[in-house]
Amino acid sequence: MREIEAAAVTRAVETLCIESNVRLGADIRAALRRAHGEEHGALPRAVLGMLLENADAAEADNLPMCQDTGLATVFVALGQEVHIAGGALEEAIQAGVARGYERGFLRKSVVCDPIDRRNTGDNTPAVVYYNVVPGDTLTLTVAPKGFGSENMGRVAMLTPADGLAGVMDFVVDTVRRAASNPCPPVIVGVGVGGTMDKAALLAKQALLRPVGSLHPDPVWAEREASLLRDINALGIGPAGFGGQTTALAVHILPHPTHIAGLPVAVNIGCHATRHSSVEL
């Protein structure tokens, strides 16, 4: 059994909170550059250029890319041969979020009660998902999510008779309804199958896949490509000013489900779709 100190977890989460808010992922930066080169209109090209300039400035000055530094979601892949020493894993993660948002001068956006809405003051509690995996390592992924994009997500409990066409229509309609609110060009995460809650989680996890990567199943890869074409045909464009780049990518995570159901969820990521990972 390998031991990992809780203090090391706290330090890692602290660093990930800052990194994910300050540094745009190389995959998204490359996708924005491609879109900038392919856009025909002067205004959407200018918007894409400003997004790249903003990302450069944030990294150079060690400042967040966006004023909404989000509610942190933490994905934990815990090796079953790992023992956390010197404290509880959940407490270590929450302490890391609090320290990261304080040290990084990141906006604290979490309220302790959804109705009373008093700010917790340190951006905790983060939402944490645990997955026990084989091995003796601990992988942490911090994904801060602003609510301009999070508010645009939707879940539908379709019937099997709705089929693939129903899923495709729901995804495109969700992006159409969102329009400029999630700060396009967006990345569209789609969960299909499982239960209502599982589909929602899959849709968020789908946003973690590198932009530009292909789905390992060619059938689903073609469905992703078809959805991307349909979404970009909406003409919403960068920042909602029109153009051919409404989305940079569509990522789908399918999952087995019940014979009587067809859950589908869409989670939209903004043009930054922040996340950073580390393996301890």
Side-chain angles (χ1 to χ4, degrees), residues 27 31 71 73-77 114 127-134 141 143 145-236 244-270 273 275:
D27 57 332
L71 192 160
T73 300
V74 183
F75 294 95
V76 181
V127 176
V128 185
Y129 294 103
Y130 296 93
N131 188 26
V132 178
V133 298
T141 298
K145 192 80 163 18
F147 267 49
S149 59
E150 186 72 359
N151 283 338
M152 297 298 104
R154 295 169 74 206
V155 177
M157 301 302 290
L158 303 180
T159 68
D162 292 315
L164 177 63
V167 171
M168 306 289 263
D169 288 346
F170 179 75
V171 174
V172 175
D173 185 58
T174 298
V175 178
R176 179 189 293 110
R177 288 169 180 244
S180 64
N181 290 298
C183 298
V186 297
I187 297 162
V188 183
V190 182
V192 184
T195 55
M196 181 175 69
D197 50 314
K198 180 68 175 181
L201 176 57
L202 290 169
K204 180 156 286 186
Q205 289 176 312
L207 296 177
L208 304 179
R209 208 178 91 201
V211 172
S213 63
L214 292 177
H215 197 289
D217 183 333
V219 173
W220 284 101
E222 175 50 35
R223 290 167 181 166
E224 290 180 344
S226 176
L227 278 171
L228 183 60
R229 288 192 294 271
D230 291 347
I231 288 170
N232 282 331
L234 294 172
I236 297 168
Q244 63 202 63
T245 315
T246 298
L248 298 173
V250 178
H251 296 163
I252 305 175
L253 277 179
H255 193 82
T257 190
H258 191 278
I259 56 173
L262 180 52
V264 55
V266 178
N267 195 299
I268 299 177
C270 70
T273 305
H275 54 90

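All values derive from a computational prediction rather than experimental measurement.
What you find for V172 and L227 is that their closest heavy atoms are CG2-CD2, 3.8 Å. When every heavy atom of P218 is checked against every heavy atom of P216, the shortest pair comes out as CD-O, 3.5 Å. For A143 against L208, the heavy-atom pair with the smallest separation is CB-CD2, 4.2 Å. Annotation for P184 and T246: closest pair CB-O, 3.6 Å, computed over non-hydrogen atoms. Closest of all the heavy-atom pairs between A265 and A203 is O-CB, 3.6 Å. Here the closest heavy-atom approach between residue A31 and residue L248 is recorded as O-CD2, 3.9 Å.
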Starting from the C-alpha separation in whole Å, work towards a yes-or-no answer on side-chain contact (heavy atoms from CB on, under 4.5 Å) for K145 and L207.
CA-CA 11 Å; K145 192 80 163 18; L207 296 177; 3.8 Å; yes
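Partners of D162 under the side chain to side chain donor-acceptor pair (under 3.5 Å) rule, at least two apart in sequence or in another chain, are T159. Partners of P160 according to the side-chain contact (heavy atoms from CB on, under 4.5 Å) rule, which considers only residues two or more places apart in sequence or in another chain, do not exist here. By the side chain to side chain donor-acceptor pair (under 3.5 Å) test, T141 is found to be paired with S277, residues two or more places apart in sequence or in another chain being considered. Residues that satisfy the side-chain contact (heavy atoms from CB on, under 4.5 Å) test with A225, not counting sequence neighbours, are E222, R229. Considering only residues two or more places apart in sequence or on other chains, V132 meets the side-chain contact (heavy atoms from CB on, under 4.5 Å) condition with Q80. Under the side chain to side chain donor-acceptor pair (under 3.5 Å) criterion, T245 pairs with E39, sequence neighbours left out. In this view, E224 and R209 satisfy the side chain to side chain donor-acceptor pair (under 3.5 Å) rule, not counting sequence neighbours. Checked against ring pair (Phe, Tyr, Trp, His ring centres under 6.0 Å), Y129 has the following partners two or more places apart in sequence or in another chain: F75.
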Would you give me the side-chain donor-acceptor pairs under 3.5 Å for residues 151-158, sequence neighbours excluded?
from: N151; atom 1: ND2; to: F147; atom 2: O; distance (Å): 2.9
from: R154; atom 1: NH1; to: D173; atom 2: OD2; distance (Å): 3.3
from: R154; atom 1: NH1; to: T174; atom 2: OG1; distance (Å): 3.0

Just distance, no hydrogens or angles: give the donor-acceptor pairs under 3.5 Å from side chains in residues 185-200, sequence neighbours left out.
from: T195; atom 1: OG1; to: D197; atom 2: OD1; distance (Å): 2.6
from: T195; atom 1: OG1; to: K198; atom 2: N; distance (Å): 3.3

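The CD atom of E150 lies 4.5 Å from the CG atom of N267; values are rounded to the nearest 0.5 Å.
H215 has its side chain within reach of P254: a pair of non-hydrogen atoms, C-beta onward, lies under 4.5 Å apart.
Sorted by first and then second residue, the side-chain hydrogen bond (donor to acceptor under 3.5 Å, both in side chains) pairs involving residues 251-260 (not counting sequence neighbours) form an empty list.
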